[in-house]
Amino acid sequence: MFTGFTPETIDFLWGIRMNNNRDWFLEHKKQYVDTLYEPMKALGQALFQPFLDRPGNILKVSRIYRDARLHPPEPYKESLWICIRQDVDWWAENPCLFFELNPEGADYGFSLWHPRTATMEDFRRDISAHPEDFLRLMRTTEQAAGQSVTAQLYKRPKETDNPDLAPYFAWKGDIGCIRHQDAGDALFSPGLKDQVADFFEALTPLYAYFNRFKV
């Protein structure tokens, strides 16, 4: 059961940022497990409950250890995250709902970070064929989330005959609707689970929509 993170969670994350070495980590491994890794797993399991009966969705919980083949010499990450997504080869090319904790606090929401060119071509064809359905989806999602969906834009946007779709034809990647929570009482409360779950619920239709174009 998720009971909230603690100030010790943030202390550990600041500690690993300032002391990214094996000796320091081993001295503080229990703090990592008790105040960061286990609570993150519990939060992930709680947030994943609504997705248990939706085929293809999986829950990923990251570990603190870096892959030495892919990352700089520092052996440990400075953040920990959970991710709800489809079972795909590379998460960055596909939509996900995520929660990430770092020394500054938490970021969570919807992300489609690095979609393939073919994915965005399929997206533009779909919204051209069903403009009202997509525009309704965007209105209801942003109203429920209480904030806008943003994206990295082409310097030269793709062309469309529908002016209502022009902002979306400019989307290139890094599509997201993300909230930030500073380290503090809200982050250390069991109520954080409900706060994130409500945001995920608002964003689930957008997540489901973009899963139609998964690779």
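This one's a predicted model, so the numbers in the text were calculated from it and none came from an experiment.
Using a 4.0 Å cut-off between charged nitrogen and carboxylate oxygen, Arg17 and Glu104 count as a salt-bridge pair.
Stacking of Arg54 on the aromatic ring of Phe51 is recorded, both the 6.0 Å distance cut-off and the 45° axial limit being met. With a 6.0 Å cutoff to the six-membered ring centre and a 45° limit on the axis angle, Arg179 counts as a cation-pi contact of Phe199.
Ring to ring, Phe200 and Phe98 are not that close: their centroids are 6.0 angstrom or more apart. For Tyr209 and Phe134, the ring centers are positioned less than 6.0 Å apart. Annotation: Tyr32 is not in aromatic contact with Tyr76 [ring centroid separation under 6.0 Å not met].
Hydrophobic clustering of Ile, Leu, Val, Met, Phe, Trp and Tyr side chains at less than 4.5 Å, counting indirect connections, keeps Leu153 apart from Ile178. Hydrophobic clustering (ILVMFWY, side-chain heavy atoms < 4.5 Å, transitive): Tyr154 and Ile127 are in distinct clusters. A single hydrophobic cluster is not seen to contain both Ile58 and Val61; linkage of ILVMFWY side chains at heavy-atom distances under 4.5 Å, directly or through other members, places them apart.
Across all their heavy atoms, Leu112 and Pro95 have their closest contact at CD1-N, 3.6 Å. Closest approach of Glu142 to Ser148, counting heavy atoms only: OE2-CA, 3.5 Å. Residues Gln45 and Leu59 approach most closely at N-CD2, 3.8 Å, considering heavy atoms. In terms of heavy-atom proximity, Pro103 sits nearest to Trp14 at O-NE1, 3.2 Å. The shortest non-hydrogen separation linking Leu165 to Pro131 is CD1-CB, 4.0 Å. Here the shortest heavy-atom pairing between Phe99 and Leu187 reads CZ-CD1, 4.4 Å.
Asn162 and Tyr168 share no donor-acceptor pair across their side chains, judged by distance under 3.5 Å alone. A donor atom on one side chain and an acceptor atom on the other are not found under 3.5 Å apart for Glu78 and Asn102.
Side chains of Glu93 and Val88 form no contact here, defined as non-hydrogen atoms less than 4.5 Å apart. Counting heavy atoms from C-beta outward, Lys60 and Ile82 have side chains that stay 4.5 Å or more apart. Using a 4.5 Å heavy-atom cutoff, the side chains of Ile16 and Lys77 are not in contact. Contact of the Val149 side chain with the Leu203 side chain is not registered, since no non-hydrogen atoms from C-beta on lie closer than 4.5 Å. Contact of the Pro205 side chain with the Leu137 side chain is registered, since non-hydrogen atoms from C-beta on lie closer than 4.5 Å. Contact annotation: the side chain of Leu101 never approaches that of Trp81 to less than 4.5 Å [non-hydrogen atoms, C-beta and beyond].
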Exercise for the section: Given ring-ring contact (aromatic ring centres under 6.0 Å, His included), test Phe210 with Phe123 step by step and report yes or no. Expected result: CA-CA 8 Å; Phe210 275 103; Phe123 164 68; 5.3 Å; yes

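Atom CG of Asp161 has 12 or fewer heavy atoms from other residues, nucleotides or ligands within 6.0 Å. Within a 6.0 Å radius of CD in Glu159, no more than 12 heavy atoms belonging to other residues, nucleotides or ligands are found.
The one candidate from Gln195, Gln181, His180 that meets the side chain to side chain donor-acceptor pair (under 3.5 Å) condition with Tyr108 is Gln195. For the side-chain contact (heavy atoms from CB on, under 4.5 Å) criterion with Phe5, the lone passing option out of Ile10, Leu192, Thr35 is Leu192. A side-chain contact (heavy atoms from CB on, under 4.5 Å) with Lys172 is found for exactly one of Gln152, Lys155, His114, namely Gln152.
The distance from the OG1 atom of Thr160 to the NZ atom of Lys158 is 13.0 Å, given to the nearest 0.5 Å. One finds the CG atom of Asp107 at 9.5 Å from the OG atom of Ser79 (value rounded to the nearest 0.5 Å). Here Ile84 contributes atom CD1 and Phe110 contributes atom CZ; the two are 13.0 Å apart, rounded to the nearest 0.5 Å. In this structure, CZ in Arg85 is found 9.5 Å from CH2 in Trp91, a value given to the nearest 0.5 Å. To the nearest 0.5 Å, the span separating OG on Ser111 from CD on Glu100 amounts to 10.0 Å. Taking CD of Glu201 as the start and CG of Leu47 as the end, the distance is 12.0 Å to the nearest 0.5 Å.
Identified under the salt bridge (charged side-chain N to carboxylate O under 4.0 Å, His left out) test for residues 19-32, with sequence neighbours left out: Lys30-Asp34.
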